[in-house]
Participant: 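Encoded as structure tokens, here's the structure I'll be asking about.
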Protein chains: 2
Amino acid sequence: MPRRPSTTLTEAELRVMQVLWKQGPSTVAEVVERLAPEVPLAYTTVLTTLRILEEKGHIDHTKQGRAHRYHTLLDRGEARRSALRFMLDRFFDNSPSLMMVKLMEEGDLDLEEIRRLREALARDEEPKVKGS
Amino acid sequence: MPRRPSTTLTEAELRVMQVLWKQGPSTVAEVVERLAPEVPLAYTTVLTTLRILEEKGHIDHTKQGRAHRYHTLLDRGEARRSALRFMLDRFFDNSPSLMMVKLMEEGDLDLEEIRRLREALARDEEPKVKGS
DNA sequence: CTATACTTACTAATGAATCAGTAATAAAAG
DNA sequence: CTTTTATTACTGATTCATTAGTAAGTATAG
């Protein structure tokens, strides 16, 4: 029996989606250029990945001169949520607070970020109170 | 040109590591049993994955009767860190605080957890001051 | 000691994913 | 209109990852 086809974005697909999310609708050449320093890929390789993403319904394209300009359809927020759920399940025993703690340890937050997070946490504490 | 071999744990490998991390040193049968409800896999499939993990140096085994009992060598904390780094890069523009905010929105923290997190953040704010 | 049951070791099959080349196409330049 | 050039569409190669079967080995039970 073979492996099952992946339900989530594959590594190559994710790499490309990331570019589209970050720099907005892009042509093949623009994606290649952005990826080049990190992962040098042939023009047609990226083209193929974009075609697959389009087949899967994650992106779209419009004509732009003789080229195609690709737009994301898959919402980044949704992708983030499913990624977070995966991480919680696989690495943090489904404990959001444990994950929060580890994040705090990992990324050194500057004072401004800490202040904003404390405010966000304070806001989180409020809406729990119903009525009055 | 072929695909590059993956540097991180693959999906199947991660699934097995997760079991070993959660329930401690286990035999093949124990791993299969734990995985069964979620993903029914043949005994030998899990055995193969364990062999690969051992070849890669991520786990170890000791004899137990006629069976092998597998132990993790790869530290879970280290795996968590590299997973977090990957997530930060791919989904959260390398902003830990952004990731934390999204995590707060997603995983509902209970009041007790929020309180502890606020304390932890408060402590994080202090050590920045050098001397006196 | 022999038979039984369980476990491992080895091997193979298969499709998934990734990478890229060649041919066709369409726009742009002359 | 013709030539050049950029781009896409199609196709193929490669190997990785996953799955599991068969044979060999080893402990346990009778």
Side-chain angles (χ1 to χ4, degrees), chain A residues 1-20 25-71 74 86 90, chain B residues 1-20 25-71 74 86 90:
Chain A
M1 200 187 273
R3 69 197 292 188
R4 310 185 222 297
S6 91
T7 57
T8 54
L9 293 172
T10 67
E11 175 57 25
E13 288 168 3
L14 186 54
R15 219 160 41 200
V16 168
M17 287 302 289
Q18 182 194 21
V19 171
L20 295 183
S26 312
T27 62
V28 177
E30 285 162 6
V31 174
V32 170
E33 193 182 17
R34 176 68 171 261
L35 251 32
E38 209 189 334
V39 190
L41 290 173
Y43 187 96
T44 52
T45 299
V46 174
L47 179 64
T48 299
T49 304
L50 285 164
R51 182 171 48 71
I52 292 168
L53 281 168
E54 192 159 23
E55 277 168 14
K56 292 189 176 178
H58 297 316
I59 62 175
D60 209 1
H61 78 265
T62 53
K63 277 221 133 184
Q64 173 98 349
R66 76 187 111 184
H68 290 175
R69 182 163 293 277
Y70 292 89
H71 307 75
L74 179 63
F86 179 85
R90 277 285 154 37
Chain B
M1 200 186 276
R3 66 197 294 188
R4 307 185 223 297
S6 89
T7 57
T8 53
L9 293 172
T10 66
E11 175 57 26
E13 288 167 4
L14 186 54
R15 219 160 41 200
V16 168
M17 288 300 290
Q18 182 193 20
V19 171
L20 296 182
S26 313
T27 62
V28 178
E30 287 162 4
V31 174
V32 170
E33 194 182 16
R34 175 68 171 259
L35 250 34
E38 210 189 333
V39 190
L41 290 174
Y43 187 96
T44 52
T45 299
V46 174
L47 180 65
T48 300
T49 304
L50 285 164
R51 182 170 49 70
I52 291 168
L53 281 168
E54 191 160 24
E55 277 169 13
K56 292 189 177 179
H58 297 317
I59 63 175
D60 210 0
H61 78 265
T62 53
K63 276 220 133 180
Q64 172 99 349
R66 74 188 112 183
H68 290 174
R69 183 164 290 279
Y70 292 89
H71 310 260
L74 180 62
F86 180 84
R90 279 285 151 46

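Every chain is numbered from 1 and lettered A, B, ... according to where its sequence line falls, protein lines coming before strand lines.
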Participant: Taking donor-acceptor contacts at under 3.5 Å, does the side chain of B:Thr44 reach the base of C:dA9?
Facilitator: no
Participant: Can you tell me the distance, in whole Å, between the CD atom of B:Glu30 and the P atom of C:dC6?
Facilitator: 15 Å
Participant: Roughly how many Å is it from NE2 in B:His61 to C1' in C:dT7, rounded to a whole number?
Facilitator: 11 Å
Participant: Should the ring pair B:His68 and B:His61 be called parallel, tilted or perpendicular, given that the plane angle runs from 0 to 90° and is split at 30 and 60?
Facilitator: parallel
Participant: How many Å lie between CD on A:Glu55 and P on C:dA16, as a whole number?
Facilitator: 13 Å
Participant: Starting at atom CD1 of B:Ile59, determine the distance to atom P of C:dT8, rounded to an integer number of angstrom.
Facilitator: 11 Å
Participant: Considering only heavy atoms and no angle criterion, is a donor-acceptor pair shorter than 3.5 Å present between the side chain of B:Arg66 and the base of D:dT28?
Facilitator: no
Participant: Could you tell me whether B:Lys56 and B:Glu13 have a side-chain N and a carboxylate O separated by less than 4.0 Å?
Facilitator: yes
Participant: Starting from the 5' end of DNA chain C, give me the residue, A:Ala67 or A:Thr8, whose nearest nucleotide shows up first.
Facilitator: A:Thr8
Participant: With DNA chain D as reference, determine whether A:Arg69 or B:Val39 sits nearer its 5' end, using the nearest nucleotide of each.
Facilitator: A:Arg69
Participant: Could you tell me whether A:Glu11 atom CD has more than 12 heavy atoms of other residues or ligands within 6.0 Å of it?
Facilitator: yes
Participant: What nucleotide, of D:dT11, D:dA20, C:dT8, holds the atom closest to the side chain of B:Thr48?
Facilitator: D:dA20
Participant: Nearest whole Å is fine: how far is C:dC6 P from B:Gln64 CD?
Facilitator: 16 Å
Participant: In Å, rounded to the nearest 0.5 Å, how long is the span from CZ of B:Arg34 to CD of B:Glu30?
Facilitator: 11.0 Å
Participant: Rounded to the nearest Å, what distance is computed from the CG atom of residue A:Leu50 to the C1' atom of nucleotide C:dT18?
Facilitator: 14 Å
Participant: Side-chain N or O of B:Lys63 versus OP1/OP2 of C:dT8: is the shortest distance under 4.0 Å?
Facilitator: no
Participant: A:Thr27 near the nucleic acid: base, sugar-phosphate alone, or nothing, with a heavy-atom cut-off under 4.0 Å?
Facilitator: nothing
Participant: Nearest to the side chain of B:Leu47, which nucleotide is it out of D:dA27, C:dT8, D:dT8?
Facilitator: C:dT8
Participant: Can you check the B:Glu54 CD to C:dT7 C1' distance for me, whole Å?
Facilitator: 14 Å
Participant: For B:Thr10, which contact category applies under a 4.0 Å heavy-atom criterion: base, sugar-phosphate, or nothing?
Facilitator: sugar-phosphate
Participant: With a 4.0 Å cutoff (strictly under), does any side-chain N or O of A:Tyr43 reach OP1 or OP2 of D:dT8?
Facilitator: yes
Participant: Consider side chain to side chain contact (heavy atoms under 4.5 Å, CB included). Of A:Leu53, A:Thr48, A:Thr49, which one does A:Arg51 pass it with?
Facilitator: A:Thr48
Participant: Atom CD1 of B:Ile52 to atom P of C:dA12: distance rounded to whole Å?
Facilitator: 16 Å
Participant: If you pin A:Arg51 and A:His68 to their nearest nucleotides in DNA chain D, which one's is more 5'?
Facilitator: A:His68
Participant: So, OP1 or OP2 of C:dC19: does either fall under 4.0 Å of a side-chain N or O from A:Thr45?
Facilitator: no
